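Proteins come first, then strands; the chains are lettered A, B, ... in the order of their sequence lines, and each starts at number 1. This one's a predicted model, so the numbers in the text were calculated from it and none came from an experiment.
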2 protein chains.
Amino acid sequence: MSSALAPEALTTGPGPSAGRRPEKTEAILDAAGHLFREHGYGAVSMDQIAREAGVSKATVYAHFESKDRLFAAMIHGACRAYAEGLMPAATEMEDVRAALTRICREIERFLLAPKTLGIYRVIMAEGPRFPELVQSFIEAGPLPFRKMLAEFFEAANRRGALKVPNPQLAAHQLVWLVRGPLYLERMLNLKQPLWDEQSVDEVVAGAVDMFMKGYAPDARD
Amino acid sequence: MSSALAPEALTTGPGPSAGRRPEKTEAILDAAGHLFREHGYGAVSMDQIAREAGVSKATVYAHFESKDRLFAAMIHGACRAYAEGLMPAATEMEDVRAALTRICREIERFLLAPKTLGIYRVIMAEGPRFPELVQSFIEAGPLPFRKMLAEFFEAANRRGALKVPNPQLAAHQLVWLVRGPLYLERMLNLKQPLWDEQSVDEVVAGAVDMFMKGYAPDARD
DNA sequence: GTCTATATTGTGATAGAC
DNA sequence: GTCTATCACAATATAGAC
């Protein structure tokens, strides 16, 4: 279904990769990624991308059929990084609290990193114009991560280490207990602390505490 | 400091409001708001705005100095609506759980409404280009709302109805426990349920439950 | 202030030499 | 495939009549 977004289909050209230099392809993708994440889709021109990549604009068009396709390819690459950069294999765990803490730190490290936030920014801004891209983004990023978390909770349920009635909802809750308090601040990259800044440690500890109190097996309900 | 963003300063013209028809000003603002929220800043042209407002492009420029200023004025108007649309005066409360539930429903009703999400989308996308605007947006919207919530928690602390050590953090947590599970789905307005859809009732109930378990005064810690 | 018609710049995309 | 030079068009902004 998303064959139009397969990595090979994102570059142009008659033959398989007839003579195109992969180093330039990557340079263009890097420049596009950097600029799109930083300034958004509409504010970046193909000239800027070409200049930042150190090639001519015609070369950009030799590698990517259009600005749209270049954008799609950039998002696609970011999704691969998304899938690889997460998943800390927290399945093996000494005790639940420690595992949750590690997961929360991973959430902060990756989901609140400037690069990730840049992707989210541009995807949310341009989403309406690229519906299939949104689909493949969700399927490559948020969806498998939530699934992994839900499976972690289910395993903990079976072990009696947690008591989570709705693992899907709990996955959302844990993610946003960490992400939420830092989200706007970093999404809008506010330099001066606009409100009383919440430190990462406070946020992570608060999230783990609240999650444990909510889903510890000995909680009364 | 934000005098450049005072409402009077956002329209152009020599005299106070020399002959400008307020109805047209509002029509232009409405059209701009609708289109910017729907399609983003870069994808909307002044011609479209003029057409949707039922005036000529020159008239738009008679009311607003530039596209940037029109955008700023639109955001400013949305901030006033933000401040007015929230604040359900939940200070008077029978019992805490009911008050929290009402607050959570209000969060869902307003913070996840298409209009609000559109503002967030465009602010996050264009934020880097409009730093002062981001500042005034935060000060008019999220900041006072968080403050109100924190004060609510402090009052509940004094009454012994809750035990909230960090009201600021707790405000973030409550907001995102409701907002998070529905956020991406609505921000990217996915029609087909991509993952197992969380119903609003589930989300609100889950948020209140978790918050109460975390901050009920009889909780052991 | 409001309109029609226009000036001007920037940008996505291409032609043609090497 | 890669470059320089260029086209075609769309969009911001304005001139001038009423």
Undergrad: Taking side-chain hydrogen bond (donor to acceptor under 3.5 Å, both in side chains) as the definition, give me every residue that meets it alongside B:Gln48, ordered by chain and number, with sequence neighbours left out.
TA: B:Ser45

Undergrad: Go through the structure and list residues passing salt bridge (Lys or Arg N to Asp or Glu O under 4.0 Å) with B:Lys57, not counting sequence neighbours.
TA: B:Asp47

Undergrad: side-chain contact (heavy atoms from CB on, under 4.5 Å) with A:Ala150: which residues, sequence neighbours excluded?
TA: A:Pro167, A:Gln168

Undergrad: A:Arg51: which residues meet the salt bridge (Lys or Arg N to Asp or Glu O under 4.0 Å) condition with it, sequence neighbours left out?
TA: none

Undergrad: Using whole Å, what does the distance between atom P of nucleotide C:dG10 and atom NZ of B:Lys67 come to?
TA: 15 Å

Undergrad: Rounded to whole angstroms, how far apart are CZ on B:Arg69 and P on D:dA13?
TA: 12 Å

Undergrad: Any salt bridge (charged side-chain N to carboxylate O under 4.0 Å, His left out) pairs touching residues 110-126 of chain B, not counting sequence neighbours?
TA: B:Glu126-B:Arg129

Undergrad: Kindly indicate whether the side chain of B:Tyr61, heavy atoms from C-beta on, has any atom under 4.5 Å from the side chain of B:Ser56.
TA: no

Undergrad: So, does A:Glu202 use its side chain to make a donor-acceptor pair with the main chain of A:Ser199 at under 3.5 Å?
TA: yes

Undergrad: Collect all protein-nucleotide pairs involving nucleotides 15-18 of chain C in which both atoms are nitrogen or oxygen and the distance is under 3.5 Å.
TA:
none

Undergrad: Who are the ring-ring contact (aromatic ring centres under 6.0 Å, His included) partners of A:Phe153, not counting sequence neighbours?
TA: A:Phe211

Undergrad: Among residues 39-54 of chain A, which contact DNA chain C at a heavy-atom distance under 4.0 Å?
TA: A:Val44, A:Ser45, A:Met46

Undergrad: Verify the contact: side-chain N or O of B:Thr59 to OP1 or OP2 of C:dC3, cut-off strictly under 4.0 Å; return yes or no.
TA: yes

Undergrad: Output the rounded distance in Å from CG (B:Leu35) to P (D:dA11).
TA: 13 Å

Undergrad: Just to verify, what does A:Lys24 make a salt bridge (Lys or Arg N to Asp or Glu O under 4.0 Å) with, not counting sequence neighbours?
TA: none

Undergrad: Mind calculating the distance between NE2 (B:His63) and P (D:dT12) to the nearest angstrom?
TA: 18 Å

Undergrad: I need the CZ-P distance between A:Phe64 and D:dG1, as an integer number of Å.
TA: 13 Å

Undergrad: Test of understanding: with salt bridge (Lys or Arg N to Asp or Glu O under 4.0 Å), list the residues that count as partners of B:Asp30, not counting sequence neighbours.
TA: none

Undergrad: Looking at residues at least two apart in the chain, or sitting in another chain, which of them share a ring-ring contact (aromatic ring centres under 6.0 Å, His included) with B:Phe130?
TA: B:Tyr41, B:Phe71

Undergrad: Identify which nucleotide among C:dT2, C:dC3, D:dA13 has an atom closest to any side-chain atom of B:Ser66, counting heavy atoms from C-beta outward.
TA: D:dA13

Undergrad: Please report, rounded to the nearest Å, how far the P atom of D:dA5 is from the NZ atom of A:Lys57.
TA: 13 Å

Undergrad: Would you list the protein and nucleotides 8-10 of chain D atom pairs, both N or O, that sit under 3.5 Å from each other?
TA:
none

Undergrad: So, does the side chain of A:Lys24 form a donor-acceptor pair with the base of D:dG1 at under 3.5 Å?
TA: no

